[in-house]
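Letters A, B, ... mirror the listed sequences (proteins, then strands); counts begin at 1.
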2 protein chains.
Amino acid sequence: MVIECRLMRSPEELVKSFRESGRKVTPQREKIFQILQGNKTHPTAESVYAELLREMPTVSLKTVYQTLHELVGMGEISPLDLGTGSARFDPNQSTHHHLVCTRCHSVKDLYLDIEDIQIPGEQLEGFDAGTAEITFRGHCSKCRTAVSGQSQIAVHQG
Amino acid sequence: MVIECRLMRSPEELVKSFRESGRKVTPQREKIFQILQGNKTHPTAESVYAELLREMPTVSLKTVYQTLHELVGMGEISPLDLGTGSARFDPNQSTHHHLVCTRCHSVKDLYLDIEDIQIPGEQLEGFDAGTAEITFRGHCSKCRTAVSGQSQIAVHQG
DNA sequence: TGGTAAACGAAAATCATTGTTTTTTGGCCC
DNA sequence: GGGCCAAAAAACAATGATTTTCGTTTACCA
Ligand SMILES: [Mn+2]
Ligand SMILES: [Mn+2]
Ligand SMILES: [Zn+2]
Ligand SMILES: [Zn+2]
């Protein structure tokens, strides 16, 4: 299976790209680029905001949403609705799917080789299926331990 | 391919089941059962409410949410988050997937024979994948017509 | 036919997200 | 470096979906 890896560009490249497209580069935006770079946690706007607040105590949540939307518009990150309450943002632009823990809401990337999901034509009825997202729901290893041994003291492996 | 068909029980059976489990049966609830029976539109709480209002002008949206949650808890309907804004509820309890129109937000059931989606073990890392949901996004036949012929007068096939 | 827990309706609260308004600032010209 | 101006930030009000609160009504079992 060949996986083509397509990630959000580096903060430096994004700075360049923002300037080139007439967008302005602010310290807030640069810091958001850094928070997102290589981030595999599928953060929400709120969690990006929380991290940003540690260095910029006056930043507003609106600024975070605005920058995330810019990045989505530029194709640098993808918005995800995994049914965990708030929207999540994924700097991993490779074709991939997700494992969602129904207990702790953690999200893990999953690479599947399935160009071969065939929709029976008679069910399509003219529907033009562009993309297929597969979401697996279950329990992550931490939560599996916790659930099976609920009466015990929960010991989570780091 | 063998599809096992599992639908929400009939209003009469639900009345019985509610009583048996100590829940009370009210006219509001009975009407909600009827609205859901055989409903393939994947309604939102709001759309159930709208239909209910036509016969019970004083009913409250709270009552609708409460009853829908009861039914979810009893395994009679499934909550769906398809990224269309609000939660949807599905009385079709058969294993199935969905086609979602990104333009008009209509949702169509899709029966796929894929017990064979194999998650490569090395990616699982202890994750216990219970269910797999596949969501196809694209344009329904109506919207395909509308999109491709935007400058024309839209002619929707019924 | 009561008594009582459950359900109801109305309205306020909450959560995620977006809009509006005012102030500040980045990028550019001199 | 100083000035300009549109874009962005901040502050905060508003929205839509859902939940909570609370006083009133009702289903249903004795
Ligand atoms: Mn991902
Ligand atoms: Mn369905
Ligand atoms: Zn977990
Ligand atoms: Zn459509």
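- An OP1 or OP2 oxygen of C:dG9 is reached within less than 4.0 angstrom by a side-chain nitrogen or oxygen of B:Thr63.
- Atom-to-atom, OH of A:Tyr65 to P of C:dT20 comes out at 18 Å; the value is rounded to the nearest Å.
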Counting primed atoms plus P, OP1 and OP2 as sugar-phosphate and everything else as base, spell out the protein contacts along nucleotides 21-30 of chain D at 4.0 Å heavy-atom distance: B, S or - for each nucleotide, 5' to 3'. B-----BS--

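- With hydrogens and angles left out, the side-chain atoms of B:Gln93 and B:Ser78 include a donor and acceptor closer than 3.5 Å.
- Between A:Arg29 and B:Glu46, the one whose closest nucleotide on DNA chain D sits nearer the 5' end is A:Arg29.
- You'll find that the side chain of A:Thr67 is closest to D:dA9, out of D:dA9, C:dG9, C:dT17.
- Relative ring orientation between A:His96 and A:His42 is described as tilted, the plane-to-plane angle lying within the 30° to 60° band.
- Between D:dT18 and B:His69, no contact under 4.0 Å exists linking OP1 or OP2 to a side-chain N or O.
- The two atoms that bring A:Pro11 and A:Gln37 nearest to each other are CD-OE1, 3.1 Å, heavy atoms only.
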Grab the N/O contacts between the protein and nucleotides 2-4 of chain D below 3.5 Å, and write none if there aren't any.
none

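- Linking Ile, Leu, Val, Met, Phe, Trp and Tyr whenever their side-chain heavy atoms come within less than 4.5 Å puts A:Ile77 and A:Val48 in one cluster.
- Aromatic rings of B:Phe18 and B:Phe33 (six-membered ring for Trp) have centroids within the 6.0 Å cut-off, being under it.
- One finds a side-chain N or O of B:Thr58 lying less than 4.0 angstrom from the OP1 or OP2 phosphate oxygen of C:dG9.
- A:Thr44 comes within 4.0 angstrom of nothing in the nucleic acid, heavy atoms only.
- A:Leu124 and B:Val100 fall into different hydrophobic clusters, defined by Ile, Leu, Val, Met, Phe, Trp and Tyr side-chain heavy atoms under 4.5 Å apart, directly or through other members.
- Residue-level contact check: B:Gln28 touches the backbone only, with heavy atoms under 4.0 Å from sugar-phosphate atoms and none from bases.
- Taking the side chain of A:Ala45 as heavy atoms from C-beta on, and the options D:dT18, C:dT17, C:dG9, the nearest nucleotide is C:dT17.
- A:Gln66 comes within 4.0 angstrom of sugar-phosphate atoms only, judged by non-hydrogen atoms across all strands, and of no base.
- Residues A:Val59 and A:Leu36 are members of one and the same hydrophobic cluster, defined by side-chain heavy-atom contacts under 4.5 angstrom among Ile, Leu, Val, Met, Phe, Trp and Tyr.
- In this model, a donor atom of one side chain and an acceptor atom of the other lie less than 3.5 Å apart for A:Glu12 and A:Ser10.
- Looking at residues 75-84 of chain A, you'll see that no heavy atom sits under 4.0 Å from any atom of DNA chain D.
- Residues A:Ile134 and B:Phe136 share a single hydrophobic cluster, defined by chaining ILVMFWY side chains whose heavy atoms lie under 4.5 Å apart.
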